[in-house]
Protein chains: 2
Amino acid sequence: MSVPVVSVDRSSPVPLYFQVASQLEDAIRSETLPPGSRLDNEIQLARRLGLSRPTVRQAIGYLVDRGLLVRRRGVGTQVVHSKVRRPLELTSLYDDLGAAGAMPTTTVHRLDEVDADPTVADALAVSPGTRVVRLERVRHAEGRPLALMTNHLPTGLLDLDVPALEAKGLYQLLRENGVHPHLAKQAIGARTASAREAAALGERRGAALLTMTRVAYATTGQAVEYGAHVYRASRYTFELTLVER
Amino acid sequence: MSVPVVSVDRSSPVPLYFQVASQLEDAIRSETLPPGSRLDNEIQLARRLGLSRPTVRQAIGYLVDRGLLVRRRGVGTQVVHSKVRRPLELTSLYDDLGAAGAMPTTTVHRLDEVDADPTVADALAVSPGTRVVRLERVRHAEGRPLALMTNHLPTGLLDLDVPALEAKGLYQLLRENGVHPHLAKQAIGARTASAREAAALGERRGAALLTMTRVAYATTGQAVEYGAHVYRASRYTFELTLVER
DNA sequence: TTGGTCCATATGTCCGGACAAATCGTTGAC
DNA sequence: GTCAACGATTTGTCCGGACATATGGACCAA
């Protein structure tokens with residue numbers, strides 16, 4: 001399989017390897033390069049693009065790391081089967097559902113400042129009793145409640161307001177304010193609904209609930225968000241793709 | 001912070017960059033290089049090791065990809081805070097628990113061959129009705145039941161026998177037979193226990209259960225295992241680390 | 001037919017060098 | 001005293017080349 005239109009712009013500030021990788025990724029996602037097809041070998045590709053082999057290798061390696069391509073020595077580089085392609089790995093539930101077309105809405109029930117209890121303090125790596133921002137929301141999809149979400153954030157990280165939270169979601173607001181969560185530790189469990197939770201979510205008491213707690217960290221290692229969420233198991237599952245490296 | 005003892009063996013078949021990366025990883029995990037400490041710059045490191053800068057960069061890049069180091073232009077390369085280090089991402093539950101010291105045991109309840117129902121056929125990408133291997137196990141930890149596990153595999157992939165399964169676990173047997181799952185898609189949900197499940201797991205009827213279904217794929221994209229597992233939520237949670245890239 | 005050897009091919013590893021760009025502390029002008 | 005400009009430091013990108021090694025097919029011999 002020959003490679004489709006790929007060209008580079010040397011006057012662009014975008015690194016050459018990234019230009020190549022982006023165009024290859026587009027070609028793969030649009031199936032211009034169908035699953036299983038072979039790329040030209042690195043030497044030819046480099047010559048055709050007027051680049052060096054290391055640069056082309058960097059572009060290919062970038063896509064290999066992201067699971068779009070596989071390299072086999074002596075054989076070549078192929079587009080992986082679409083079934084095993086990896087999705088984005090750190091998104092908020094809002095993004096998840098938005099992408100799936102379920103059109104969720106969020107209602108902020110509480111937005112204030114409290115003293116960190118031991119659990120929150122440990123998660124955010126602050127001293128117990130430190131003032132932190134507390135956020136309680138209810139997520140709805142298709143007009144019915146889906147999840148109860150409680151978050152705690154360090155004070156001073158950013159200014160939150162209710163309309164923006166309801167319109168954009170917490171993660172988008174974080175990113176718009178220059179806070180880029182890049183890593184999160186999550187624990188997923190289950191329990192039965194208390195009477196209060198059942199009422200809030202429209203489930204029967206004793207219904208199964210999915211629980212998720214998460215601590216998100218910025219590139220610097222600073223904890224930026226602690227969340228304790230509860231989902232209706234009848235309407236939600238976590239889907240994830242795991243990779244062995 | 002200066003770098004500890006790192007040396008390379010040019011007569012070894014192990015790539016130089018990998019030798020360096022492994023030794024750095026050991027130093028990081030043993031806290032010889034504590035979190036936050038800075039590595040020497042790439043030029044000095046290369047000169048000290050008698051390697052070129054690209055080789056040293058490859059070693060560092062390897063560890064950056066794995067979340068052990070962060071690079072910042074103009075600043076240097078630092079060991080990330082241990083709280084945010086990423087664990088291995090594709091292991092079986094057996095590995096998980098074994099590492100945590102809970103010493104699990106497994107009992108095989110059924111190992112036979114059946115016709116694939118539509119769900120199994122879809123997961124393994126075979127035609128419905130194709131003969132597949134069925135495996136049902138119960139996992140115990142600390143003498144009490146923990147999970148019911150049902151797996152389906154393509155026939156002919158490997159020969160399974162009960163003693164080996166109970167001693168080593170499915171994933172280890174797969175790897176020993178040259179089948180290397182490198183990617184899995186999982187869905188995690190919850191539901192309440194049926195009377196039969198409750199009895200098998202030692203829970204009350206209506207107790208919350210965690211459910212996990214998984215399809216694992218080999219490097220080639222071939223589906224190698226479909227699993228539908230049920231865990232006692234009172235004794236198990238899924239812990240995972242997500243990464244934004 | 002079967003098995004092993006050889007060879008072309010493609011990726012894997014490594015080198016040495018060059019310049020670009022981000023960061024941060026210092027210096028100097030106002 | 002404040003702030004902007006500068007410069008040292010360090011990683012980011014890119015080049016051109018060399019040799020190593022795994023793969024798979026073709027060829028040849030038993």
Side-chain angles (χ1 to χ4, degrees), chain A residues 1-3 6-22 24 36-65 68-80 178 180 218-220 245, chain B residues 1-3 6-22 24 36-65 68-80 178 180 218-220 245:
Chain A
M1 179 65 190
S2 156
V3 164
V6 179
S7 61
V8 293
D9 173 9
R10 298 194 92 100
S11 69
S12 163
V14 177
L16 299 178
Y17 84 89
F18 194 80
Q19 293 183 35
V20 175
S22 298
L24 285 177
S37 59
R38 283 230 328 276
L39 261 59
D40 285 342
N41 72 55
E42 297 172 350
I43 313 272
Q44 284 178 32
L45 210 47
R47 198 170 47 219
R48 178 128 42 89
L49 292 169
L51 298 173
S52 71
R53 185 178 163 219
T55 301
V56 170
R57 260 186 83 72
Q58 192 174 3
I60 292 174
Y62 180 86
L63 295 177
V64 169
D65 266 0
L68 293 174
L69 295 174
V70 285
R71 287 198 269 220
R72 280 192 298 159
R73 188 191 299 208
V75 178
T77 304
Q78 287 178 290
V79 178
V80 305
H180 295 273
T219 321
T220 55
R245 304 204 284 186
Chain B
M1 178 66 189
S2 156
V3 163
V6 179
S7 61
V8 292
D9 173 9
R10 299 197 89 101
S11 69
S12 162
V14 177
L16 300 178
Y17 83 90
F18 194 80
Q19 293 183 36
V20 175
S22 299
L24 285 177
S37 60
R38 283 233 326 275
L39 261 58
D40 285 344
N41 72 57
E42 298 171 350
I43 313 272
Q44 284 179 33
L45 211 45
R47 197 171 48 218
R48 179 128 41 88
L49 292 169
L51 299 173
S52 70
R53 186 179 161 215
T55 301
V56 170
R57 262 187 80 73
Q58 192 175 4
I60 292 175
Y62 179 87
L63 296 176
V64 169
D65 266 359
L68 293 173
L69 295 175
V70 285
R71 286 199 269 221
R72 279 191 299 160
R73 186 191 299 206
V75 177
T77 304
Q78 286 177 290
V79 178
V80 305
H180 295 274
T219 319
T220 55
R245 303 207 282 186

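Since the model is a prediction, treat every value here as computed from it, not as a measurement. We name chains A, B, ... by the order of the sequence lines, and we start the count at 1 in each one.
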(request) Check whether any side-chain heavy atom of B:Leu45 sits under 4.5 Å from a side-chain heavy atom of B:Ile60, and report yes or no. (result) yes

(request) For the residue pair B:Val20 and B:Thr55, establish whether any side-chain heavy-atom pair is separated by less than 4.5 Å. (result) no

(request) Nearest-nucleotide wise, let me know which of A:Gln44 and B:Pro15 is further upstream toward the 5' end of DNA chain C. (result) A:Gln44

(request) Starting from the 5' end of DNA chain C, give me the residue, A:Ile43 or A:Pro13, whose nearest nucleotide shows up first. (result) A:Ile43

Work out which heavy atom in [X] is nearest to a heavy atom in [Y]; give both atom names and the distance.
| X | Y | value |
| --- | --- | --- |
| A:Leu39 | A:Val79 | CD1-CG2, 4.4 Å |
| A:Tyr17 | A:Ala59 | O-CB, 3.2 Å |
| B:Leu49 | B:Val8 | O-CG2, 4.0 Å |

(request) State the CG-CG distance between A:Leu24 and A:Leu68, to the nearest 0.5 angstrom. (result) 9.5 Å

(request) Could you identify which residues of residues 52-60 of chain A place a heavy atom less than 4.0 Å from some atom of DNA chain D, listed by residue number, or say none? (result)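 Heavy-atom contacts with DNA chain D come from A:Ser52, A:Arg53, A:Pro54, A:Thr55, A:Gln58.
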
(message) Using a 4.0 Å cut-off to any heavy atom of chain A, which nucleotides of DNA chain D are the first and last in contact, reading 5' to 3'?
(response) D:dT13 to D:dG24

(request) Using modelled atom types only, decide if a donor and an acceptor are shared between the side chain of B:Gln19 and the backbone of B:Val14 within a distance under 3.5 Å. (result)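 Between the backbone of B:Val14 and the side chain of B:Gln19 there is a qualifying donor-acceptor contact (under 3.5 Å).
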
(request) Kindly write out the residues that satisfy side chain to side chain contact (heavy atoms under 4.5 Å, CB included) with B:Gln78, not counting sequence neighbours, or none if the list is empty. (result) B:Arg38, B:Val70, B:Arg72

(request) Find which nucleotide of DNA chain D each of B:Gly74 and A:Leu51 is nearest to by heavy atoms, and output the residue with the more 5' nucleotide. (result)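 Whichever sits nearer the 5' end wins; that is B:Gly74.
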
Could you state the [atom1]-[atom2] distance from [X] to [N], rounded to the nearest angstrom?
| X | N | atom1 | atom2 | result |
| --- | --- | --- | --- | --- |
| B:Glu42 | C:dA18 | CD | P | 17 Å |
| A:Arg71 | C:dT13 | CZ | C1' | 12 Å |
| A:Leu39 | C:dA10 | CG | P | 12 Å |
| A:Arg72 | C:dG12 | CZ | P | 12 Å |

